[in-house]
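Each remark here refers to the structure printed beneath this line.
These numbers come from the heavy atoms of this one structure, side chains and all, not from hydrogens, waters or symmetry mates.
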Amino acid sequence: MTQPARPSEPPVSRPDAGQPGPRQRRSDRDARRAEGPRRAQVALGSAGVALAGAGSAASEKASQLAGLVRRQSPARIGGAVAAVVVMGLLIWWLTSLGGGSKQPDAGASPAAATTPAAPASRGPLPLEGVGPLDFQLGDCFKDFDPEAPQSTIVDCTAGHSAQLIAIHHYQQSDAYPGLPALKDKGRETCRNAQLAAAATNYDLKQRNAYPSSTSWDNGDRRVDCYVTADSGNVIMESLIP
């Protein structure tokens with residue numbers, strides 16, 4: 001008896017033992033995806049090793065350079081110091097040469113213009129015909145007349161009738177102070193004058209001489225104080241210390 005034929009079923013494809021299935025292929029893709037970061041990490045690690053090596057080399061070069069600088073610095077510093085010293089000596093030498101040949105300023109005023117002039121040298125006494133502006137402190141006068149334009153100066157051990165005992169000098173830049181102020185200055189000058197003990201041996205008077213407005217305009221800036229003896233040339237010594 002013939003049996004009915006059974007319908008045939010399509011064969012099912014099964015993977016062979018050595019052929020990966022679908023799940024295994026997904027795992028391979030995951031493995032490849034995971035391998036990318038791993039490779040990056042390996043690359044970064046290699047770069048880090050390279051940088052570390054470079055840093056170590058640079059540090060070693062810096063140490064060598066520092067040692068070289070330390071070995072050479074004293075010599076270079078010594079040379080720089082020597083150069084500075086030589087330059088300073090050269091500048092000092094040039095300055096001293098320039099200072100030695102410096103000429104006085106033509107526009108500068110001499111000290112004598114603002115201070116009283118030193119006494120002029122004189123010939124042997126007696127001296128006749130000496131003007132009031134040429135009188136010097138301590139001069140002794142024979143037959144003295146304070147109003148006379150000229151006087152005779154004698155040695156103070158010879159008989160004389162007056163002696164100049166004090167002088168006040170106004171500044172050349174001062175304006176004419178007027179007659180009352182000049183009289184006051186004359187009295188003050190006489191009060192401040194110092195007399196020797198021998199002055200008590202004579203009957204003396206004090207007299208002043210001061211500029212007029214005309215003589216002031218001509219440069220007269222002195223106020224004089226004299227002691228005089230009205231009895232004539234009776235004083236035989238200097239009356240100032």
Side-chain angles (χ1 to χ4, degrees), residues 102-241:
K102 185 176 180 181
Q103 299 296 326
D105 186 359
S109 298
T114 56
T115 57
S121 59
R122 291 173 168 173
L125 300 177
L127 290 175
E128 298 181 353
V130 181
L133 295 181
D134 294 324
F135 294 169
Q136 297 177 10
L137 182 65
D139 280 348
C140 296
F141 305 94
K142 179 180 179 182
D143 300 324
F144 182 67
D145 180 0
E147 303 298 330
Q150 295 179 339
S151 299
T152 299
I153 301 174
V154 297
D155 190 282
C156 290
T157 58
H160 56 278
S161 60
Q163 186 174 6
L164 179 58
I165 63 171
I167 305 173
H168 173 79
H169 290 274
Y170 282 95
Q171 297 295 323
Q172 288 295 322
S173 58
D174 290 344
Y176 181 67
L179 186 59
L182 288 170
K183 288 182 176 181
D184 290 341
K185 180 58 68 175
R187 286 189 286 267
E188 177 186 345
T189 302
C190 284
R191 283 196 304 269
N192 294 333
Q194 299 294 320
L195 292 176
T200 59
N201 299 330
Y202 306 93
D203 183 13
L204 302 173
K205 294 182 179 178
Q206 290 183 339
R207 294 180 181 271
N208 296 123
Y210 33 78
S212 65
S213 59
T214 302
S215 66
W216 185 279
D217 292 340
N218 292 330
D220 183 4
R221 296 292 187 274
R222 57 186 287 168
V223 176
D224 297 336
C225 176
Y226 304 88
V227 289
T228 63
D230 291 340
S231 54
N233 298 316
V234 295
I235 307 173
M236 304 299 294
E237 55 198 317
S238 175
L239 301 180
I240 59 175

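The CD atom of Gln150 sits 10.0 Å away from the CD atom of Glu128 when rounded to the nearest 0.5 Å. Taking OG1 from Thr228 and CG from Asp203, the interatomic distance works out to 9.0 Å, rounded to the nearest 0.5 Å. The structure places OG1 of Thr189 at 10.5 Å from CD of Gln206, a figure rounded to the nearest 0.5 Å. Taken from CG in Asn208 to CZ in Arg187, the straight-line distance is 8.0 Å, to the nearest 0.5 Å. One finds the SG atom of Cys156 at 9.0 Å from the CD1 atom of Ile235 (value rounded to the nearest 0.5 Å).
At a threshold of 4.5 Å between non-hydrogen side-chain atoms, the residues Gln172 and Asp174 do not count as touching. Contact annotation: the side chain of Arg122 approaches that of Leu127 to within less than 4.5 Å [non-hydrogen atoms, C-beta and beyond]. In this structure, Gln136 and Ile153 have side chains that are not in contact, with every pair of non-hydrogen atoms separated by 4.5 Å or more. Residues Tyr176 and Asp217 have side chains not in contact (no heavy-atom distance under 4.5 Å, counting atoms from C-beta outward). Counting heavy atoms from C-beta on, the side chains of Asp139 and Val130 never come closer than 4.5 Å. The shortest distance between side-chain heavy atoms of Asn233 and Asp143 falls below 4.5 Å.
Residues passing the salt bridge (charged side-chain N to carboxylate O under 4.0 Å, His left out) test with Asp230 are Lys205, Arg207, sequence neighbours excluded. In this structure, the ring-ring contact (aromatic ring centres under 6.0 Å, His included) partners of Phe135, at least two apart in sequence or on a different chain, are Phe141. Partners of Tyr202 by ring-ring contact (aromatic ring centres under 6.0 Å, His included), not counting sequence neighbours: none found. Checked against salt bridge (charged side-chain N to carboxylate O under 4.0 Å, His left out), Asp224 has the following partners two or more places apart in sequence or in another chain: Arg222. Residues satisfying the salt bridge (charged side-chain N to carboxylate O under 4.0 Å, His left out) test with Lys185, not counting sequence neighbours, are Glu188.
For residues 177-235, every residue pair satisfying the disulfide (SG to SG under 2.5 Å) rule, not counting sequence neighbours, is listed here: Cys190-Cys225.
The nearest pair of heavy atoms linking Ala209 to Tyr226 is CB-CE1, 3.9 Å. For the pair Pro132 and Pro149, the tightest heavy-atom approach, listed with the atom from each and the gap, is CD-O, 3.1 Å. Residues Met236 and Gly159 share a closest heavy-atom pair of SD-CA, 3.4 Å. Here the closest heavy-atom approach between residue Ala229 and residue Leu204 is recorded as CB-CD2, 4.3 Å. Of all heavy-atom pairs spanning Trp216 and Ala175, the tightest one is CZ2-O, 3.4 Å. Residues Phe144 and Ser161 approach most closely at N-OG, 2.9 Å, considering heavy atoms.
No donor-acceptor pair under 3.5 Å is formed between the side chain of Asp220 and the backbone N or O of Ser215. In terms of modelled atom types and a separation under 3.5 Å, the side chain of His160 and the main chain of Ala158 share a donor-acceptor contact. For the pair Gln163 (side chain) and Gly138 (backbone), a donor-acceptor distance under 3.5 Å is present.
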